[in-house]
Every structure is written in C-alpha cells, then in structure tokens.
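Just so you know, these numbers use all the heavy atoms, side chains as well, and skip hydrogens, waters and symmetry mates. All residue numbers in this chain count up from 1 along the given sequence. Worth saying up front: this structure is predicted, and the values here are computed from it rather than measured.
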Amino acid sequence: MEMEFKKRRSNKKKHPIRNTILLILAILLVGAGTFLYLNHRGYSAKNPNDMSLTEVKVTSSDSINQVGKKLQKKGLIYNAKYLNRYAKRYGAKSIKSGTYLFSPVQSIDNVYQELAQGPGEQPVLDSSYTYIDSNKTAEQTAGTMADAANVSRSALIAAYTDKDLIKEMKSKYPKLFLNAKSDITLYDLVMPGIYKLKDEKSAKDLVRGLLGRTNKEMGSYYSELKKNGIPVSTAVLLAENGGKTEFDRRLAFIHKIASYAQELKSQYGILPSISIAQAIHESNWDDSELSSKYNNFYGVKSDDTDSGKSVVLQTQEVENGETVTKNARFAVYASYKDSMKAHAKTLVNGNTWNSSQFKDVISASNYKDAAQALYDDSYATDPNYPAAIIRIIENWNLAQYDK
C-alpha cells in the first residue's frame with residue numbers, strides 16, 4: 001500500500017510541460033484582463049466623485065491630441081491618448097475654439113461630445129448627474145432638480161422663499177448670510193455646478209442639502225467676504241467661472257484702483273463706485289485686450305493717429321436696438337492711472353461740442369442716479385448699461401469707497 005501511494009505521488013510530477021502551459025495561459029489571461037480593465041478605465045471618468053469644474057481654453061489651432069494633453073495636465077482625464085483614440089474611432093470632428101468647463105466626472109465620450117458642440121453650452125454629463133447653471137433662474141432649473149431628487153417642482157420653488165426654512169438656514173449656516181441683501185432667496189445661495197442628487201423626502205430636504213454644500217465650499221471665502229462687505233451670493237456666482245482664483249483676481253483689481261478712484265473724487269467729484277464699476281464693466285475685469293495691453297479701462301476712443309497714441313480694435317455697440325460689431329480707434333495710455341484720470345476729465349469737461357454733456361453724472365449724489373445718468377447723458381448706448389453698473393457696485397460693495 002505504501003508503494004502504491006509513492007507511485008501515485010511520483011506520477012504527478014511527470015507533466016512539467018502541461019503545468020508550464022497552464023501557468024503561461026493563466027498569466028496571459030490575467031494580463032489580458034488587466035489590459036482590458038486599464039483600457040476601459042482610461043475611457044471612463046477620472047473621478048466620479050469630484051464634481052468640480054475647471055476652465056480649459058481651446059484655440060482654433062489646437063489638435064484633439066493637444067486638447068487631450070491640456071485635460072490630462074489639469075487632472076481631468078487619465079491620458080490624452082484615450083481622447084485621441086476615441087476621436088479617430090468615431091471620426092474626429094472639428095474643434096470649436098473657446099473656453100470650456102470640464103469635470104473629472106466626465107468620461108472620454110462626454111468630453112468628446114462637448115468639444116464637438118462647442119463652448120457656451122452646459123457640460124455634457126451622464127444621466128446620473130445634474131448641472132445647475134448660474135445664468136438660469138430658480139424656475140428654469142426647478143424641473144431638472146426636482147426630477148433628479150424625486151420631489152415636487154412647485155414645492156421646490158416655494159422652499160427657496162419659505163420664511164421658516166430661511167430662518168432655519170440662517171441659524172445653521174450664519175456665515176452664508178453675511179452682508180446678504182434684504183430680498184435674498186435660498187436659491188441665490190445654491191452653488192452652480194454639477195450635482196449627483198438622490199431621492200429626497202421633501203423639497204426642503206433637497207434645499208438643506210444644497211446649502212450644506214455651499215457652506216462647505218465657501219469656507220475659504222468667508223474672511224475676505226466679511227472684510228470687504230461682499231455678499232456670499234457674489235462668490236457663489238463665480239463658482240463655475242474660475243472659483244476662488246477668479247474671486248481673488250477680481251478683488252485684487254478692485255483694491256488696485258480703488259484708492260486712486262478716491263483721489264479722483266477729491267479732484268473731479270466722480271463717485272469712486274462709478275469709476276471702479278465702469279472700469280470693471282468696460283475692461284471685463286482688466287481681461288480685455290484694450291485694458292491689459294493698452295491701459296484703456298473705459299473704452300475711450302481717439303482721433304490721434306500718432307504712433308503709440310491709439311490702436312484700432314473691434315467693438316460692439318447697440319444701434320437701433322441691435323448689437324453691431326465695428327472697427328474703432330481707441331486711446332492708448334501709459335498707465336491705468338492715466339486712463340482713470342482721462343475718464344474723470346471727460347465726465348467733467350464733456351466733449352468738444354457739449355462741455356456739459358455729462359453734468360447729470362457729476363451732480364448725482366448716489367451711484368444709482370449716476371449710473372442712470374451715464375445712459376441718459378449718452379455716455380453709453382446700451383439701455384441695460386445702468387443696471388449692469390449698479391449690479392457690479394452692489395455685488396462687490398463698491399459704495400463703501402464713496403464714503
């Protein structure tokens with residue numbers, strides 16, 4: 001019996017080739033499985049739980065591979081090669097230049113579709129995500145949010161202005177209501193962006209969750225908001241447009257020109273809030289070519305054709321209710337202070353054919369009257385200009401510089 005056992009045991013050692021083949025097959029299967037997994041992962045979302053948005057600028061000369069590298073560098077996709085492969089597989093569509101919003105929750109398919117449709121639209125997302133656009137009203141977004149959370153649309157709209165819920169939220173998140181306007185609604189404090197909403201028991205529970213996220217994301221803003229008297233709703237609006245980085249840049253621009261605007265008030269009588277708000281509006285926060293390259297913050301035109309004194313650029317103006325694009329010659333200044341002083345002198349001295357052209361702007365005792373006078377006295381051709389100036393002043397508490 002012992003001999004038989006030894007014989008059987010020894011027979012098991014007589015198939016080295018078979019065992020080797022099985023081992024190789026196992027290794028190949030594991031390798032193939034790993035490859036398929038990694039390859040599939042490369043086309044999927046980089047991080048399904050990171051719902052942050054990142055701006056990515058795409059130029060007309062960018063190839064799909066170059067765009068992919070930009071996205072990879074910003075941590076939005078695993079690797080540029082997957083976007084490149086996807087584009088080749090489905091026929092690379094022309095890429096439209098512009099500034100896009102992308103998120104790590106987007107798959108390669110989502111990214112490709114967004115590039116194909118062009119900037120300006122909302123991010124392309126899978127059905128499990130909901131996007132809230134800062135340019136839309138509570139009524140416009142209520143349907144989408146209510147469906148995603150399985151609550152009543154009308155109840156959600158009502159919850160935004162519910163007095164008891166507002167009181168509850170003020171008690172729970174007091175910092176959210178720093179410097180808040182008297183007519184604020186809870187929708188004003190809902191962060192725009194991507195949400196992964198789940199079924200809620202009620203519309204009020206949905207709003208509670210939305211404001212909880214806002215309070216968490218506003219943590220790094222609170223000290224500056226309090227210091228500068230700026231309402232939280234202003235920072236909320238920037239959530240999908242550069243976030244904290246853009247907020248800090250805009251605040252730095254205000255601080256840069258505010259003290260000189262106050263100096264100009266003592267010399268020319270121009271309300272600093274008007275001077276600052278117009279500089280912001282006309283230069284798009286010092287982001288226009290005219291301001292960043294030529295120190296012209298107010299879109300001041302010029303007839304001076306001497307070298308270095310002016311530049312010809314395209315501009316948009318409202319004529320007979322229509323927005324038209326024209327070429328115009330604009331003044332070039334050596335510094336931003338020169339631009340601000342020239343603007344103040346223009347308001348005080350008028351123009352060659354009417355020295356009192358802007359007398360109503362100068363005589364206005366508050367920013368609302370002064371903003372309206374800018375249109376009434378034909379400084380601006382857009383009837384919405386006064387509202388835009390007033391909105392900037394109130395959102396950024398620029399009236400504090402008038403005191």
Side-chain angles (χ1 to χ4, degrees), residues 134-135 179 181-184 188 228-231 233-238 241 246-247 249-265 268-288 290-292 295-301 315-319 321 323 330-331 336-337 339-351 357-403:
S134 63
N135 294 316
N179 311 309
K181 300 175 184 177
S182 59
D183 60 347
I184 192 172
D188 296 325
N228 292 278
I230 298 172
S233 55
T234 296
V236 166
L237 288 173
L238 285 176
N241 185 26
E246 181 61 16
F247 175 83
R249 188 187 77 82
R250 294 187 181 194
L251 191 57
F253 179 62
I254 292 172
H255 291 164
K256 173 183 174 181
I257 67 175
S259 60
Y260 192 62
Q262 290 177 311
E263 286 185 36
L264 292 174
K265 179 188 179 183
Y268 300 98
I270 312 298
L271 289 173
S273 61
I274 291 295
S275 181
I276 299 168
Q278 281 195 276
I280 288 170
H281 183 72
E282 300 289 350
S283 72
N284 189 26
W285 294 93
D286 196 23
D287 199 37
S288 71
L290 187 60
S291 66
S292 60
N295 291 312
N296 188 334
F297 283 179
Y298 300 94
V300 175
K301 295 176 181 178
T315 184
Q316 289 187 328
E317 296 183 0
V318 178
E319 294 183 355
T323 301
F330 294 93
Y336 76 87
K337 289 185 176 181
S339 174
M340 294 179 73
K341 180 177 283 190
H343 170 257
K345 285 183 175 180
T346 297
L347 291 179
V348 170
N349 300 325
N351 47 51
Q357 176 84 36
F358 308 114
K359 61 180 178 61
D360 298 318
V361 180
I362 303 301
S363 62
S365 59
N366 62 77
Y367 66 85
K368 289 184 178 180
D369 289 344
Q372 184 59 48
L374 287 168
Y375 176 72
D376 294 340
D377 291 352
S378 299
Y379 182 95
T381 58
D382 183 357
N384 297 314
Y385 191 85
I389 296 300
I390 291 171
R391 185 165 56 250
I392 292 171
I393 291 172
E394 294 182 346
N395 283 348
W396 294 89
N397 189 30
L398 301 183
Q400 66 177 304
Y401 301 108
D402 294 343
K403 300 173 182 178

Applying side chain to side chain contact (heavy atoms under 4.5 Å, CB included), run through W285 and I254 and close with a yes or a no.
CA-CA 9 Å; W285 294 93; I254 292 172; 3.8 Å; yes
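- A donor and an acceptor atom, one from each side chain of K181 and N395, are located under 3.5 Å apart.
- Note that CG of D360 and CG of L374 are 10.0 Å apart. Values are rounded to the nearest 0.5 Å.
- Atom CG of N366 and atom CG of L271 lie 7.5 Å apart (nearest 0.5 Å).
- Here W396 and F247 bring their ring centres to under 6.0 angstrom of each other.
- Between Y298 and Y379, the gap from one ring centroid to the other reaches at least 6.0 Å.
- At least one donor-acceptor pair closer than 3.5 Å links the side chain of N179 to the backbone N or O of I230.
- In this structure the side chain of L238 reaches within 4.5 angstrom of the side chain of R250, judged on heavy atoms.
- The side-chain contact (heavy atoms from CB on, under 4.5 Å) search around A388 returns H281, R391, not counting sequence neighbours.
- Contact record, D286 with F253: CB-CE1, 3.5 Å, taken as the closest heavy-atom pair.
- The distance from atom CZ of F297 to atom CD1 of I276, rounded to the nearest 0.5 Å, is 11.5 Å.
- Here the closest non-hydrogen pair linking A371 and I274 is N-CD1, 3.8 Å.
- With hydrogens and angles ignored, the 3.5 Å screen pairs a side-chain donor or acceptor of K265 with a backbone N or O of D402.
- The side-chain contact (heavy atoms from CB on, under 4.5 Å) test with S273 is passed by exactly one of I393, N397, I392: I393.
- The environment of K368 atom NZ is sparse: at most 12 non-hydrogen atoms of other residues, nucleotides or ligands sit within 6.0 angstrom.
- Going from atom CD1 of I257 over to atom OG of S283 covers 7.5 Å, rounded to the nearest 0.5 Å.
- With contacts defined as side-chain heavy-atom distances shorter than 4.5 Å, the pair Q372/Y385 does not qualify.
- A cation-pi arrangement is absent between K345 and Y268, since the terminal nitrogen or guanidinium carbon is not both under 6.0 Å from the aromatic centre and inside a 45° cone about the axis.
- Of all heavy-atom pairs spanning Y375 and A380, the tightest one is CD1-O, 3.5 Å.
- Remark: I184 pairs with A180, D188, L189 by the side-chain contact (heavy atoms from CB on, under 4.5 Å) rule, at least two apart or across chains.
- Shown here for I362 and L347, the closest heavy-atom pair between the two residues is CG1-O, 3.6 Å.
- At least one side-chain heavy atom of D287 sits less than 4.5 Å from a side-chain heavy atom of R249.
- Going from atom OH of Y401 over to atom OG of S259 covers 9.0 Å, rounded to the nearest 0.5 Å.
- Listed here is the closest heavy atom pair of S378 and Q357: CB-NE2, 3.8 Å.
- Expressed to the nearest 0.5 Å, how far CD of Q262 lies from NZ of K403 amounts to 11.5 Å.
- Distance alone, capped at 3.5 Å, places no donor-acceptor pair between the N284 side chain and the S288 backbone.
- Here the closest heavy-atom approach between residue N296 and residue A331 is recorded as ND2-O, 2.9 Å.
- At least one donor-acceptor pair under 3.5 Å links the side chain of Q400 to the backbone N or O of N228.
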